[in-house]
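To find a chain, count down the sequence lines: A is the first, B the second, and so on, and within it residues start at 1. Just so it is clear, the values below take in all heavy atoms, side chains as well, and ignore hydrogens, waters and symmetry mates.
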Amino acid sequence: MPFHALVDGASPGVQVPLHLTRIPINLISTSSDLANALVKGKVVRKGPLVSVAPNDFILKAVIQEEDSQPHISTQIPAINIVVFGELARDFSQCVSPGDVVMASGFTVSKSPTASKDKLHHFNLLLSEKDANIYCFCQNPSIYPRSAVARKDSCTVSAQIVNRTKAPRYTYTPLGDLKAGSVVNVYGVVVFFKQPFKSHGTDFCSSLKITDKSNHSIGCTIFCEKLEEHPKIFQNGDIVRMHRVKVQLFNNTITLVNTFGFSVVTFDGKPSGSVEPRTSSRTVHFDEEDRRRVEELQTWISSQNILLPLTNSVSLSAVQPKAYFDLTCQLLAKAPVDSTCSLLRVWDGTRCPNTFLKVDVDPNDVEGPTTFSREKESFIANVLVYDNHSEFAKQLKPGAFLRIYNLRAIPVTSKECSVTGSQSEEVEHIVFHLHGGTSYGRGIRVLPENSPDVQMLKRAIAFLTEDVGNCASELNDSELLEVWSTPPESLDDEAVECSTSKKCSSTAEGSCRLQLQRVTLSELKQSPPGQAYHVRAQLRSYEPSKLHQALKLFCSKCSSIQEIPDDERVASIFSEACKNSEDCSLPPWALSGSIKLPLPPSGAPQRTLRVHLSTQLKAEGKANELLFITGTTLEETCRLATGYKNIVPVTSSKSGLVLMDLSAPFLFRGPRRFYGCKQCSEATVRELPSRGDKLLDEKIIAEALGVQLLQFVLLMKLQLQDATDTLDVFLWKHAEVFLGVSAEDVAISQRAQNCVHETLESLCPTEGTLGLRPWLDLTLMSYRGEGEEGQMQTYYQICSSPSQDPDLQSQDA
DNA sequence: GATTAGGTTTGG
C-alpha cells in the first residue's frame, strides 16, 4: 500500500505506523538507519511525470522541512526525492506543490545535482515496492499545472491505492551461466547479424555478447516479427534479455530465447541519457537498469580504445579491398538485374577514389537520376546482391542506413584519354555487399533520432552548404580569430575576396582528386584546394580544456561564436529585470503566475509572471512553452528543470521582447539554445499550430524569428610524421572524428569524458610519441586569409581517425 | 510450447 492520500490529515483506516521515527532531513545520510525512518516535508517543487514504459514512471520532486531548526546544521533542509513506478503516477495525480508529505521505506543515493541545485547531498529514492508516501492534501493548489489556467486541481478523495508489485529481475553474469537454466542477462554486443529469414517460421538473429567476466556468449533469437528482435546498430551496443535458455552446443554455452522472451538495447556510448530501444509496449525499465547500463557504458569505454569495436569508416577513409561498415543516406536506387541492385549513398565526406559508373535504366531509378558534378563526387555506388537486393526493394531514398561488411572493390578499366586517340588504364572503385549474412553482412535503416543519424545529418548539412556555395571552403580567417581572440564581426569584403579566390582554386582542384597518400612534407608543397590522404600521429591538440572547444555556429552567416559564460548571461538577466517596463500584452497571450520551486535557503518564495499561448492552452499543451519575465538566470534554470520550454522575455513599451541574444533564448531541462545576433529578427509571437508535432528548438526559433545557433566543436591539432609537422583544424568533421555530438558535450560530463578518452588514446599525456597510434586521415587544403591579411594555406581534417594497426609501433 | 541456427567472405 504505497500511496495514501489523507484529507485533513486523516483518512478512514489509514494511519502513519507508530513504529516509524521521524528523521530530520538534514540528518539523512547513507549511515543513518533508514528501516524505520520517516521524513516529513512540504512539496516545494514537483517535476513532470516521466513515462519510461506503460505503467512505469519516474517523478522527481523537492520536499522541504518547514519546522526545522536552521541552527542545527548548515545543511539546507530540502531534498530531492525520486519516485518510481506507479507510485510516481499516484504522486503526480494526488500531490500538489504546497502539500505536506511523509515518506518511509526509502533508500538514499548521492545527489548528482547537489552542487548545482544546492540541495541535500543525497536523494531519497522511493520505489513502489518498498516505499510508503502519506500525503496531507491542502486546498486546491495554484501551482504550475493549474495556475495559468486558474483551474482547481486535485480534489483528492481519500483513497488507498494498492498496486501489484513490479517484477524484480535478477541478472546472471555471463561467467555464471548454467546449462538448462532460464536467465536474464545484460551484455555488450561484440558480434551480430541482422535478423534473417530462417528455414522455419521465424526470423533469426545471431549475436555474441560479453560482460566484465570477459566470457563471450553466442545468442540465437527466433521471433516471428522483426520488431521483436534486438535493435542492434553496432558492436558495443548494450543488450538486456529476459528469459533466455542456457544451452550447450558443441560443448559451448549458448543462449536461446524462450517463452516470455523480451529484449531491450541501449547505445554503448554514454550520451547523458539512457534511451531503451524497443518496440515493446510493456518494457520494465527502472533506476537499477539505468545504473547497470551506465556501468556497462563505463566498462566499455575503459576497454582498450585503440581496438575499436566497430568497423565503421567514413567514405573519406575507405581503403581499397577493405571490409567496413558505412553509415550513410540513400539518395537513389535502381535494380541492376534480378539478383543485384545499385544504391547511391553519401555520408558528407568524399572518398579519395572515383567510383565506377554503374549503368542502369533511368526509368528504373528511384530518386534523382543525375546530380551536379560537385555533388556527384561525394556519392558512392554500392552494389547489393541476393538477399540484400531483395531487402533494398523496401528502402526509400532519403533513408539513413548502416550497411554492414561492405567491400571496396578496385576496378581497372580502359578508358579513352582526353585526347581521344589512345586508351589508358583507369582505376575506379565500387562497393559490394555480397549475398548472405556472413560477417554480419546486411543493411539496417537507422531511426531518425539516433545520435549517429544526427551526426550524419550535420555532416551532410555542412557539405550541402559547401557544395551549394563555393564560399564553402571554410572561413579560415575566422577560424583563426576564434582561436586566439574573442570573435569579432567579419569584414564582408575580405570574405568576398578570399571566397572568390578559393572558388577558383577549388574549381581547378575538385576534378582531379589525389589518390595516393602523401607525407606531411609533400603535402606542404602540394597545391591547395584538394583532398589528401596522410598517415600521421597526433603530436598535440588545443584546447586542452574541452569546454573551450565548444562553440556556437551560425549556418546562415557562417560565424563561429563563443558560448557566453554564466556571469555574462546572469548580468543580461539582471539588466533585463531592471529595464522592464509595464506593457500591454499581445492578444494571443494569457497571463498567470507561478511560484518558483524551492527558494534558496531563507529567501521568501518568489512568484513569477508568466505568459502563454491561448492556442497551446486550447490544445491542452499549456505547459509546453512558457514565456517568463523578471527572473534571474539561476531561477530560470531551476524553473527549466520542471517545464519543457522556457523562453525568458522582458517587457518594454512596445510589448514583450526577447532578451539580448547573447543569452540563451530558450531553456529546456539542462539544455540551452542560442540565437545568432546578426541573423535573427526576433519577435515574441504566438507559435503557429503544429498539430501533434512536438515543439522543439527549431520550431520555436523559427516562430520567434531566431536564427538558431548550432553547437560545434573546434580544435587545432598538430600532426606529425617522419617528414614534418602540420597544424590542422578539426571542425566540420569533429563530431565524426570524436564520435560524440557537440550538443551532448555541452550538457553531459560523460560525453566530455568520452572525448577526453579518445584524445588521450590518440595522444597520451604519458608515454613516448613512438607508441602513439598512426592515423589514416583525409585532409582538405585550402587558401585563406591569415591574421595579417596575407593569403596562406590551411588544412582541415575531413575524416574519422581510422587507425592503421600495422603501423602502431613504428617510430616516427 | 515444434521448428528455425549454430558468425567466419575473398564474388557477381
Exercise. Just how far, in rounded Å, is P of B:dG12 from CG of A:L406?
Worked result: 16 Å
For this session: Measure the distance from NZ on A:K245 to C1' on B:dT4 and round it to the nearest whole Å.
Result: 12 Å
Exercise. Hey, does the side-chain of A:R407 have a donor or acceptor N/O within less than 3.5 Å of a partner on the base of B:dT9?
Worked result: no
For this session: Report the distance from atom CG of A:N257 to atom P of B:dA2, rounded to the nearest whole Å.
Result: 13 Å
Exercise. Ring stacking, A:Y385 with base of B:dG12, under 5.5 Å and under 30°?
Worked result: yes
Exercise. Which value, in whole Å, describes the distance between the P atoms of nucleotides B:dG6 and B:dT10?
Worked result: 16 Å
Only pairs under 3.5 Å count here: list side-chain donor-acceptor contacts from residues 432-440 of chain A, not counting sequence neighbours, and write none if there are none.
{"from": "A:T437", "atom 1": "OG1", "to": "A:K193", "atom 2": "NZ", "distance (Å)": "3.1"}

Problem set entry | Results of side-chain hydrogen bond (donor to acceptor under 3.5 Å, both in side chains) for A:R243 - residues two or more places apart only | A:Y169
Problem set entry | Under-4.0 Å salt bridge between A:D721 and A:R535 | no
Problem set entry | Salt-bridge criterion met for A:R373 and A:E376 (N-O under 4.0 Å) | no
For this session: Would you indicate which nucleotide in B:dT3, B:dA5, B:dT10 comes nearest to any side-chain atom of A:Y323?
Result: B:dT10
For this session: Indicate, yes or no, whether a donor-acceptor pair under 3.5 Å links the base of B:dG12 to the side chain of A:D337.
Result: no
Exercise. Considering only heavy atoms and no angle criterion, is a donor-acceptor pair shorter than 3.5 Å present between the side chain of A:H432 and the base of B:dG11?
Worked result: no
Exercise. Relative to the 5' end of DNA chain B, which residue comes earlier, A:F259 or A:D202, by the nucleotide with the nearest heavy atom?
Worked result: A:F259
For this session: Specify the residues of residues 204-215 of chain A, ordered by number, for which at least one heavy atom lies under 4.0 angstrom from an atom of DNA chain B.
Result: A:C204, A:K208
Exercise. What does A:N250 touch in the nucleic acid at a heavy-atom separation under 4.0 angstrom: a base, only the sugar-phosphate, or nothing?
Worked result: nothing
Exercise. Rounding to a whole Å, what distance do you find between A:N387:CG and B:dG7:P?
Worked result: 18 Å
Seminar exercise, completed: Checking B:dG7, B:dG6, B:dT9 against the side chain of A:Q247 (C-beta onward), the nearest is B:dG6
For this session: Could you check how far CZ of A:R441 sits from C1' of B:dT9, rounded to whole Å?
Result: 5 Å
Seminar exercise, completed: Looking only at B:dG7, B:dT3, B:dG12, the nucleotide nearest the A:T339 side chain is B:dG12
Exercise. When the distance from CD1 of A:I217 to P of B:dA5 is rounded to whole Å, what number comes out?
Worked result: 22 Å
Problem set entry | Phosphate contact (B:dT9 OP1 or OP2) by A:Y439 side-chain N/O below 4.0 Å | yes
Problem set entry | Which residues share a side-chain hydrogen bond (donor to acceptor under 3.5 Å, both in side chains) with A:H756, sequence neighbours left out | none
Exercise. Just wondering, do A:F249 and B:dG6 stack (centres under 5.5 Å, planes under 30°)?
Worked result: yes
Exercise. Has A:S438 got a side-chain N or O lying under 4.0 Å from the OP1 or OP2 atom of B:dG7?
Worked result: no
For this session: Please lay out, stage by stage, how A:R277 and A:T265 fare under the test side chain to side chain donor-acceptor pair (under 3.5 Å).
Result: CA-CA 5 Å; A:R277 297 204 286 249; A:T265 59; 3.3 Å; yes
Exercise. For A:F84, what residues pass the ring pair (Phe, Tyr, Trp, His ring centres under 6.0 Å) criterion, not counting sequence neighbours?
Worked result: none
Exercise. Which residues satisfy the ring pair (Phe, Tyr, Trp, His ring centres under 6.0 Å) test with A:F355, sequence neighbours excluded?
Worked result: A:F431
Problem set entry | Protein-nucleotide distance (A:F191, atom CZ; B:dG6, atom C1'), rounded to Å | 11 Å
Exercise. Within the structure shown, what part of the strands sits under 4.0 Å from A:G440 by heavy-atom distance: base, sugar-phosphate, or nothing?
Worked result: nothing
Problem set entry | Electrostatic pair A:R291:A:E294 at N-O distance under 4.0 angstrom | no
Problem set entry | Stacking check A:H199 vs B:dA5 (5.5 Å / 30 deg) | no
Seminar exercise, completed: note: A:F261, atom CZ; B:dG1, atom P; distance rounded to Å ~ 20 Å
Exercise. OP1 or OP2 of B:dA5 less than 4.0 angstrom from a side-chain nitrogen or oxygen of A:K197, does that happen here?
Worked result: no
Exercise. Using a cut-off of 4.0 Å on non-hydrogen atoms, how would the nucleic acid contact of A:F203 be classed: base, sugar-phosphate, or nothing?
Worked result: nothing
